[in-house]
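To start, the structure itself, in structure tokens.
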Amino acid sequence: MMASLTRLRRRAAEVRRCESGVALIEFAFSMPIILGMGMYGLEVTNYAMTHMQVSQIALALADNASRIGQDSALSLTQFRESDVNDTFEAAKKQAGRMDITTHGRIILSSLERNADGGQWIHWQRCVGLRRYDSSYGVEGDGVTGTSLSGMGPASERITAPDKNAVMFVEINYDYQPLISDTLIGKPKIHYTAAFIVRDERDLTMIYNPSPAAPRATCNNYTT
């Protein structure tokens, strides 16, 4: 009996002195922290990349809308409903797997100068399922008078020159988490972009010659 007790005490002492499992235990304790930090870092990186992508889509769409139209040697360039649809389609392809029209809203406005010298949102077209309205006005705002000072944040107000138009783009996008919305949530990403029309465009209207193209008016919520 005494011999067994002595062996047990000796084995207990050996166990107390043993350090072969220390690293494994430390790793087990630190792994949740390391894993959590890694997932958070991936989510923040994806969020930053999404910001950049939405910004680039807004810029490209405004640029495309400022260039596109039906040229004619006998008349001014006509901007058509099909041109609007083409610019939206290009934005969707550029967004790729973001599904920007499923999780967001794109608004294209033609900012012009009215007969009183004020700013005027002549027309507006939209695409996307999210119910976001323009932050800076809707179609028809500023048709007369000088109450509309332009579009964009107060510190960066965009105005249209006389006898020309500015293609103003707003994108609102609900961020889609890469891992989980418990890390940074699902914040709204908002970007704007503006380009002055590059050619001598007929600003009378958006034309829609036969066969007529669908009109992406802002009371529709489609992808």
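A distance of 11.5 Å separates CZ in F79 from CG in N208, rounded to the nearest 0.5 Å. Rounded to the nearest 0.5 angstrom, T45 OG1 and Y40 OH are separated by 10.5 Å. Annotation: the span from N46 atom CG to L178 atom CG amounts to 4.5 Å, rounded to 0.5 Å. In this structure, the separation between CH2 on W123 and SG on C218 is 10.0 Å, given to the nearest 0.5 Å.
Side-chain N/O atoms of D174 and H103 include no donor and acceptor closer than 3.5 Å. A donor-acceptor contact under 3.5 angstrom links the side chains of D71 and T77, judged on distance only. No side-chain N or O of T159 forms a donor-acceptor pair with one of Q119 less than 3.5 Å apart. Donor-acceptor pairing under 3.5 Å is recorded for the side chains of E43 and Y175. Neither side chain, Y207 nor D83, offers a donor N or O lying under 3.5 Å from an acceptor on the other. In this structure, a donor-acceptor pair under 3.5 Å is present between the side chains of E112 and S110. Under 3.5 Å, the side chains of N219 and T217 contain a donor-acceptor pair of N or O atoms. Side-chain polar atoms of E170 and S134 form a donor-acceptor pair below 3.5 angstrom.
Tracing side-chain contacts under 4.5 Å through hydrophobic residues (I, L, V, M, F, W, Y), one reaches L61 starting from V54; they form part of the same cluster. Taking hydrophobic clusters as Ile, Leu, Val, Met, Phe, Trp and Tyr residues chained together by side-chain heavy-atom distances below 4.5 Å, V44 shares a cluster with M39. Side-chain heavy atoms closer than 4.5 Å link hydrophobic residues (I, L, V, M, F, W, Y) into clusters, and following such links, possibly through other members, connects L42 to I184. Follow the hydrophobic side-chain contacts under 4.5 Å out from L183 and you never reach M37; the two are in separate clusters. Using a 4.5 Å cut-off between side-chain heavy atoms of Ile, Leu, Val, Met, Phe, Trp and Tyr, with links allowed through other members, L111 and L108 fall into different hydrophobic clusters.
You'll find the side chain of L59 reaches within 4.5 Å of the side chain of F195, heavy atoms only. Between Q56 and Q94 there is a side-chain heavy-atom pair separated by less than 4.5 Å. Between W120 and T144, every side-chain heavy-atom pair lies at or beyond the 4.5 Å cut-off. Residues I107 and Q124 form a side-chain contact, since some pair of their non-hydrogen atoms from C-beta on lies under 4.5 Å apart. Here the side chains of T87 and I68 are in contact, with some heavy-atom distance below 4.5 Å. Side-chain contact between P161 and V166 is present, with at least one heavy-atom pair separated by less than 4.5 Å. By the 4.5 Å heavy-atom criterion applied to side chains, I121 and M151 are counted as neighbours. Using a 4.5 Å heavy-atom cutoff, the side chains of P214 and E81 are not in contact.
Among all heavy-atom pairs drawn from I106 and A91, the shortest one is CD1-CB, 4.1 Å. Of all heavy-atom pairs between I206 and R80, the closest is CG2-C, 3.4 Å. Closest of all the heavy-atom pairs between F168 and A194 is CD1-CB, 3.8 Å. Of all heavy-atom pairs between N114 and V143, the closest is CB-O, 3.3 Å. Of all heavy-atom pairs spanning D63 and R198, the tightest one is OD1-NH2, 2.8 Å. Annotation for A90 and N64: closest pair CB-ND2, 4.2 Å, computed over non-hydrogen atoms.
For the pair H122 (side chain) and G140 (backbone), a donor-acceptor distance under 3.5 Å is absent. Between the S210 side chain and the A212 main chain, no donor and acceptor come within less than 3.5 Å of each other. A donor-acceptor pair under 3.5 Å is absent between the side-chain atoms of R113 and the main chain of G118, judged by distance alone. Not a single donor-acceptor pair under 3.5 Å links the side chain of N220 to the backbone N or O of T222. Side-chain atoms of N164 do not come within 3.5 Å of backbone N or O of I196 as any donor-acceptor pair.
Checked for salt-bridge contact, E139 and R125 meet the test: a charged N lies under 4.0 Å from a carboxylate O. Between R67 and D199, none of the side-chain N atoms (NZ, or NE/NH1/NH2) sits under 4.0 Å from a carboxylate O, so this pair counts as no salt bridge. D133 and R105 are not joined by a salt bridge, as no carboxylate oxygen comes within less than 4.0 angstrom of a charged side-chain nitrogen.
Heavy-atom contacts from other residues, nucleotides or ligands closer than 6.0 Å to OH of Y221 number more than 12.
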Query raised in the report: Does the side chain to side chain contact (heavy atoms under 4.5 Å, CB included) test come out yes or no for Y47 and I189, once each step is laid out?
Result: CA-CA 9 Å; Y47 181 56; I189 297 175; 4.0 Å; yes
Requested in this report: Check step by step if side chain to side chain contact (heavy atoms under 4.5 Å, CB included) holds for Y173 and I57.
Outcome: CA-CA 11 Å; Y173 178 72; I57 292 168; over 6 Å; no
Report task. For L129 and T101, run side chain to side chain contact (heavy atoms under 4.5 Å, CB included): C-alpha distance rounded to whole Å, both residues' side-chain angles, the deciding distance at 0.1 Å, then the answer. Result -> CA-CA 6 Å; L129 297 179; T101 54; over 6 Å; no
Report task. Report the C-alpha separation of R201 and M167 in whole Å, then their side-chain angles, then the decisive distance to 0.1 Å, and conclude whether the side chain to side chain contact (heavy atoms under 4.5 Å, CB included) test is met. Result -> CA-CA 12 Å; R201 178 176 294 179; M167 296 291 99; 3.6 Å; yes
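Aromatic pair Y191/H51: ring centres closer than 6.0 Å.
Taking the centre and axis of the six-membered ring of Y132, the NZ or CZ atom of K188 falls inside the cone set by 45° and 6.0 Å.
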